[in-house]
Every structure is written in C-alpha cells, then in structure tokens.
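Just so it is clear: chains get the letters A, B, ... in the order the sequence lines come, proteins before strands, and each one is counted from 1.
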2 protein chains.
Amino acid sequence: MSPIAQITTKEVVAAAALFKLLGDPTRTSLLYALLEAGELYVSDLALVTGNSESTVSAALRLLRASGVVTGRRDGRKIWYRLSDDHVRELLNVTREHTAHNDSDAQEQS
Amino acid sequence: MSPIAQITTKEVVAAAALFKLLGDPTRTSLLYALLEAGELYVSDLALVTGNSESTVSAALRLLRASGVVTGRRDGRKIWYRLSDDHVRELLNVTREHTAHNDSDAQEQS
DNA sequence: CCGACATCTGAACAGGTATTCAGATGTTAG
DNA sequence: CTAACATCTGAATACCTGTTCAGATGTCGG
C-alpha cells in the first residue's frame with residue numbers, strides 16, 4: 001500500500017531501541033499484562049508476572065522513560081497503563097505471530 | 001476490536017524473543033533495507049547498512065534461524081528477503097512510531 | 001583444475017544490561 | 001508523630017551477546 005520510503009540511520013537506531021526495549025521477558029510480560037488488564041499497580045504486576053517488586057520497578061523505570069507506559073498516582077499505589085497505541089499494535093501483531101509460529105525456528109532446505 | 005485473551009508464559013517468552021531479535025541496530029538496518037528493496041544479497045546489505053560482510057552474515061544467520069528472512073541462492077550470490085508479513089507490519093508500525101516520536105523520551109510531570 | 005568471488009563459520013575479546021540486595025523516599029491511617 | 005504500606009533507587013555481581021579476525025566452504029568462468 002504505502003510507498004517504501006528511505007529510512008534514515010537515526011530512525012533505524014530509534015526503531016532498534018524500541019524493539020530492544022520490548023525484547024526483554026520481564027518487560028514484555030508487564031506490557032502484555034497491561035494490555036490485558038488496562039491498568040495495574042506495581043504489586044499486582046509483580047504477582048501476575050512472577051517477578052520481585054524491585055525487578056518490576058526497575059523494568060517500569062525504563063518503560064516509563066521511553067514513554068511506553070504512564071503512571072498515575074492513587075494514594076500509595078501507582079497505576080500503570082500503556083500510553084501508546086503503536087505499542088499496543090506491536091504487542092497485538094506479535095501475539096498473532098507467536099500464536100501461528102509456535103516453534104522457535106522453522107528450517108528450510 | 002479483538003477481545004483481550006490471557007497470554008501464556010510461553011507466548012510472552014516467544015514475543016520477547018522476537019522483539020529482542022529486532023532490537024539490534026545491525027539487524028534492524030538489514031530488515032529495513034530489505035523492507036525497502038524487497039530483495040538484496042549480502043555484499044549489498046553490507047554496503048547499504050555500513051557493516052562488514054562478516055557482521056551482516058552473522059546477523060542474517062540469526063534472522064534466518066528464526067524464519068524472519070529467507071535466502072535464495074542465485075549463482076554465488078544469495079538473495080535475502082523478509083519472509084514474514086507480521087514482521088513487515090512490525091517494521092512499518094515502528095517506523096510510524098519513531099517518525100512521530102523523534103526524541104528519545106518524552107517526560108511528564 | 002584453478003583463481004577469484006561470495007558467503008559462512010568459530011573463537012576470543014569487549015561492552016552492555018538485568019537481577020539482587022539493602023535501604024531511601026513518599027503516602028496513609030490513627 | 002509513628003508504624004505500616006507501596007514504590008523507588010544505586011551499587012555490585014553475573015550473564016549474555018555483538019563484533020572482529022582469520023580462515024573455511026561453496027560457486028562460477030575459462
């Protein structure tokens with residue numbers, strides 16, 4: 001559909017950085033949990049994803065710094081949510097992909 | 001649109017692995033080059049992306065092992081192309097994203 | 001068969017990064 | 001103010017991974 005435009009080095013680096021951010025099991029699990037639930041706070045995220053609260057907090061720090069998630073303070077709790085529709089789309093497309101390609105790698109002669 | 005389904009740990013790991021695979025500047029540049037050109041061989045990819053042929057070859061090895069790219073032998077050259085529409089979509093969505101979010105991180109109070 | 005081309009491979013070094021731990025910060029209830 | 005809760009932070013360790021280098025493999029033209 002859309003014409004293929006020449007992509008700049010800067011854009012490539014930015015794209016790689018975004019993918020890299022999503023390419024960690026801890027962060028990925030947090031993002032999918034948020035994609036499902038809409039909004040969760042740290043303790044819940046720790047329980048749901050099976051990580052320590054410190055680990056979750058550190059992961060959220062990175063996601064927050066890149067604007068992928070947003071925190072909303074409610075008393076002592078801080079509710080986090082995905083703050084970017086593009087990321088939602090990436091998560092959905094990838095879920096479809098992994099649903100079809102169950103095995104790690106498919107080989108060909 | 002689609003109902004949010006509970007995602008399994010296995011799927012999360014697979015999703016993270018895919019994102020991780022895309023989250024390297026060298027590999028990302030190769031993929032965007034292939035997205036633009038359709039099909040390229042190693043030497044060209046090395047020139048276009050500014051990497052050594054060894055580096056490109058090693059990167060393609062990983063991409064090939066995960067079925068993201070496919071190689072087609074034509075004499076001494078091997079033409080590589082993206083072998084997955086989902087990946088094309090991921091690349092396009094991310095390009096849109098990075099086009100809108102030029103700066104690395106956006107802060108909020 | 002030979003030489004040049006195109007690509008691949010394995011080992012080693014270097015750089016980046018996620019987790020843990022202990023403790024600091026901020027928040028609420030009484 | 002104090003105690004308990006919720007989250008964040010920084011430093012240190014350990015792990016993973018990408019690049020380089022030298023050379024191996026496979027392919028073509030004559």
Legend entry - Same apolar cluster: B:Leu62 and B:Leu35, side chain cutoff 4.5 Å: yes
Inset, instruction - Send over the distance from A:Tyr41 OH to D:dC8 P, rounded to a whole Å. - result: 13 Å
Legend entry - OP1 or OP2 of D:dT7 under 4.0 Å from side-chain N/O of A:Ser43: yes
Inset, instruction - Measure the spacing between CG of A:Leu60 and CD1 of A:Ile78 and express it to the nearest 0.5 Å. - result: 9.5 Å
Inset, instruction - For the side chain of B:Arg76, starting at C-beta, report the closest nucleotide among C:dT7, D:dC8, D:dT27. - result: D:dT27
Legend entry - A:Leu45 CG to D:dT7 C1', straight-line distance once rounded to whole Å: 12 Å
Inset, instruction - Could you tell me the separation between the CG atom of B:Leu22 and the CG atom of A:Leu18, rounded to the nearest 0.5 Å? - result: 10.0 Å
Inset, instruction - Report the distance from atom CD of B:Glu53 to atom C1' of C:dC5, rounded to the nearest whole Å. - result: 10 Å
Legend entry - A:Tyr32/A:Arg95 under side-chain hydrogen bond (donor to acceptor under 3.5 Å, both in side chains): CA gap, chis, key distance, verdict: CA-CA 9 Å; A:Tyr32 274 107; A:Arg95 186 173 53 183; 6.0 Å; no
Legend entry - Given D:dC8, D:dA4, C:dT7, the nucleotide with the shortest approach to the side chain of B:Tyr80: C:dT7
Legend entry - Interatomic distance, A:Thr26 atom OG1 to A:Leu30 atom CG [nearest 0.5 angstrom]: 7.0 Å
Legend entry - Between C:dA18 (P) and A:Leu63 (CG): distance, integer Å: 10 Å
Inset, instruction - Taking only the side-chain nitrogens and oxygens of A:Arg64, find out if one of them lies under 4.0 Å from OP1 or OP2 of D:dT9. - result: yes
Legend entry - Interatomic distance where CD1 belongs to B:Ile78 and P belongs to D:dT25 [whole Å]: 16 Å
Inset, instruction - Would you mind building the protein contact string for nucleotides 17-23 of chain D? One character per nucleotide, 5' to 3', B for base within reach (heavy atoms under 4.0 Å), S for sugar-phosphate only, - for untouched. - result: SSSBBB-
Inset, instruction - Sorted by first residue and then second, give each side-chain hydrogen bond (donor to acceptor under 3.5 Å, both in side chains) pair with at least one member in residues 45-55 of chain A; sequence neighbours left out. - result: A:Thr49-A:Asn51, A:Ser52-A:Thr55
Inset, instruction - Applying side-chain hydrogen bond (donor to acceptor under 3.5 Å, both in side chains), run through A:Tyr80 and A:Arg72 and close with a yes or a no. - result: CA-CA 6 Å; A:Tyr80 283 95; A:Arg72 171 177 74 81; over 6 Å; no
Legend entry - side chain to side chain donor-acceptor pair (under 3.5 Å) partner of A:Trp79, chosen from A:Asp74, A:Thr70, A:Asp44: A:Asp74
Inset, instruction - Give me the bend of the helix from C:dC1-D:dG30 to C:dG30-D:dC1, using the axes of the five pairs at each end, rounded to 10°. - result: 40°
Inset, instruction - Would you give the length of the straight line joining atom NE2 of B:His97 to atom CG of A:Asp85, rounded to the nearest 0.5 angstrom? - result: 11.0 Å
Legend entry - Rounded distance (Å) that lies between atom P of D:dT7 and atom NZ of A:Lys77: 8 Å
Legend entry - Shortest side-chain distance from B:Arg61, nucleotide among D:dT7, C:dT9, C:dC8: C:dT9
